[in-house]
Asks: 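Before we start, here is the structure in question, set down as structure tokens.
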Amino acid sequence: MLANADEIGLPIGLNFVPSQKIHIPKTLALIENSIKLLPDDDKSKVRTKITPIIKKIERQNKTNLHQDERKAINLLRQNKDIIIITPSDKGRNTVIMDTTEYNSKIEQLLQDKEIYEQLSKDPLPNITKEFNKKLNKIIRTHKLNKKSFENLKAEEKTLPNFYGLPKIHKPNIPLRPIVSYAGSPLYPLTKFLSSIISPFQKQLPHTVPNPIVAVEAIKTVQISNDSNMVSFDIESLYTSIPHDEALLALQSFLEIHPEIVLPLSKDALIDLIKLCLDHIVILVSKTDSSGKLKAYQWATRFHLH
């Protein structure tokens with residue numbers, strides 16, 4: 001059961017951003033401190049430019065949350081042992097899950113030994129070093145402009161974060177595994193590759209951008225009386241795609257479409273994609289009964305084959 005305060009906070013939604021009131025006197029004090037070494041004339045110019053901005057802030061300096069709503073959000077944030085608030089896999093609805101149930105479903109995903117392998121130590125330093133070594137080799141082999149690809153090198157930041165989105169449209173509400181590469185060593189390269197590959201989808205005849213387009217397309221399909229239309233749902237789609245076959249499919253696509261202009265050679269593109277696929281390691285964070293986050297490193301078994 002959720003408290004009344006929790007129910008007040010939930011309808012706000014996950015995309016809502018609470019505004020923070022700006023402390024005007026403190027802001028003015030910071031400005032004065034930053035200009036104290038300037039000549040008097042320059043100080044006056046700064047104050048003249050700042051004054052209308054401060055007046056505008058004073059007029060708009062209001063919170064967009066009622067006191068009860070702010071209290072409810074704080075209660076939801078502090079409730080460590082019963083809930084995880086996350087958007088659903090479809091529709092991005094607000095979902096409340098028991099923390100123990102969420103952790104259990106994450107564990108179920110990771111129990112697939114054909115895909116995941118738990119690591120005994122932090123692989124980040126070795127991965128970063130090995131990745132950059134191979135990246136430099138690809139740059140030399142394909143005679144790429146070193147300066148242009150220098151910003152794609154990996155840095156020791158954090159491993160890609162692994163989490164699950166609840167599929168509320170399916171029985172028992174399984175989790176859809178998501179890996180966020182933001183802030184990870186491979187993020188610059190994956191972002192670069194995504195900018196090249198993503199536009200290819202527009203040229204694929206058997207894909208649709210969203211369900212609405214699919215429904216409209218189906219309306220024009222003529223089905224004979226002795227035929228049936230069926231739909232298939234693939235379980236664990238992305239972790240089931242063989243990497244070698246996927247790369248061959250991409251090569252075939254590029255050969256069929258010679259008009260596509262790439263910022264590098266096809267072979268270099270394939271090698272860079274393979275480099276990413278060979279270094280998939282994830283960080284799994286779970287909340288224990290005391291509310292503490294515990295992190296575990298896992299590697300996908302794809303690169304071990």
Side-chain angles (χ1 to χ4, degrees), residues 14 79-128 130-131 154 156-187 189-190 194 231-247 249 273-305:
L14 297 171
N79 198 342
K80 302 294 183 182
D81 58 353
I82 65 165
I83 57 172
I84 285 178
I85 304 176
T86 180
S88 63
D89 181 43
K90 296 290 189 295
R92 297 193 60 82
N93 298 305
T94 303
V95 179
I96 305 301
M97 290 188 69
D98 182 274
T99 303
T100 304
E101 179 188 3
Y102 175 85
N103 286 340
S104 175
K105 290 182 176 183
I106 287 290
E107 287 282 1
Q108 288 176 19
L109 291 172
L110 297 173
Q111 288 307 309
D112 191 338
K113 303 304 181 185
E114 292 186 1
I115 298 176
Y116 303 105
E117 175 190 25
Q118 188 165 10
L119 305 178
S120 58
K121 63 179 182 179
D122 185 0
L124 190 56
N126 287 338
I127 281 181
T128 304
E130 182 185 352
F131 178 87
E156 285 190 36
K157 294 182 178 179
T158 183
L159 292 173
N161 186 42
F162 179 92
Y163 61 96
L165 296 182
K167 300 181 179 183
I168 59 176
H169 57 291
K170 293 190 176 182
N172 301 320
I173 313 180
L175 297 180
R176 177 190 177 194
I178 302 292
V179 177
S180 172
Y181 270 77
S184 71
L186 275 64
Y187 181 67
L189 180 55
T190 56
S194 178
S231 64
F232 294 93
D233 188 8
I234 303 174
E235 184 177 347
S236 301
L237 172 61
Y238 294 109
T239 52
S240 300
I241 299 174
H243 288 179
D244 290 341
E245 284 83 344
L247 291 173
I273 295 173
K274 191 174 187 305
L275 179 61
C276 285
L277 296 176
D278 286 346
H279 292 80
I280 301 179
V281 179
I282 57 177
L283 183 69
V284 182
S285 299
K286 297 186 295 183
T287 306
D288 62 17
S289 57
S290 66
K292 292 184 178 180
L293 279 176
K294 292 186 176 181
Y296 306 84
Q297 287 86 31
W298 292 71
T300 69
R301 283 188 174 270
F302 287 128
H303 71 282
L304 301 178
H305 295 308

Asks: Can you list the residues that meet the side chain to side chain donor-acceptor pair (under 3.5 Å) rule with Ser104, with sequence neighbours excluded?
Replies: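 Listed in chain order: nothing, the list is empty.
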Asks: Kindly state each residue pair satisfying salt bridge (charged side-chain N to carboxylate O under 4.0 Å, His left out) with at least one member in residues 171-181, sequence neighbours excluded.
Replies: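 Counting only pairs at least two positions apart or across chains, the salt bridge (charged side-chain N to carboxylate O under 4.0 Å, His left out) contacts touching residues 171-181 are Asp89-Arg176.
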Asks: Are Lys113 and Glu117 close enough for a salt bridge, meaning some N to O gap below 4.0 Å?
Replies: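 Not counted as a salt bridge, because no side-chain N and carboxylate O are separated by less than 4.0 Å.
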Asks: In chain order, what residues pass the ring-ring contact (aromatic ring centres under 6.0 Å, His included) check against Tyr181, with sequence neighbours excluded?
Replies: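 Tyr181 satisfies ring-ring contact (aromatic ring centres under 6.0 Å, His included) with no other residue.
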Asks: Might you point out which heavy atoms bring Ile106 and Tyr163 nearest each other, and give the distance in Å?
Replies: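 Scanning both residues, the minimum pair turns out to be CD1-C, 4.1 Å.
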Asks: What pair of heavy atoms forms the shortest contact from Pro166 to Met97, and how long is it?
Replies: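 Smallest interatomic distance, heavy atoms only, reads CB-SD, 4.0 Å.
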Asks: Taking side chain to side chain donor-acceptor pair (under 3.5 Å) as the definition, give me every residue that meets it alongside Lys167, ordered by chain and number, with sequence neighbours left out.
Replies: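 For Lys167 there are no side chain to side chain donor-acceptor pair (under 3.5 Å) partners, ignoring immediate neighbours.
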Asks: Within this structure, what is the CD1-CG distance for the pair Ile173 and Leu165, rounded to the nearest 0.5 Å?
Replies: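 Nearest 0.5 Å value for the CD1-CG distance: 13.0 Å.
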Asks: Taking only residues two or more places apart in sequence or in another chain, which ones pass side chain to side chain donor-acceptor pair (under 3.5 Å) with Gln108?
Replies: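 If we apply the side chain to side chain donor-acceptor pair (under 3.5 Å) test to Gln108, skipping adjacent residues, there are no hits.
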Asks: Measure across Asn172 and Lys105 and return the closest heavy-atom pair with its distance rounded to 0.1 Å.
Replies: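 What the structure gives for the nearest pair is O-NZ, 2.7 Å.
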Asks: Measure across Pro123 and Leu159 and return the closest heavy-atom pair with its distance rounded to 0.1 Å.
Replies: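 That closest heavy-atom pairing would be CD-CD1, 4.0 Å.
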Asks: Can you name the nearest heavy-atom pair linking Pro177 to Tyr116, along with the distance?
Replies: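 The pair with the smallest heavy-atom distance is CB-OH, 4.4 Å.
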Asks: Roughly how far, to the nearest 0.5 Å, is CG of Leu247 from NZ of Lys274?
Replies: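 Output value for this atom pair is 7.5 Å.
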Asks: I'd like to check the side-chain contact (heavy atoms from CB on, under 4.5 Å) partners of Pro125; sequence neighbours left out, ordered by chain and number.
Replies: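 Expected list: Asp122, Glu156.
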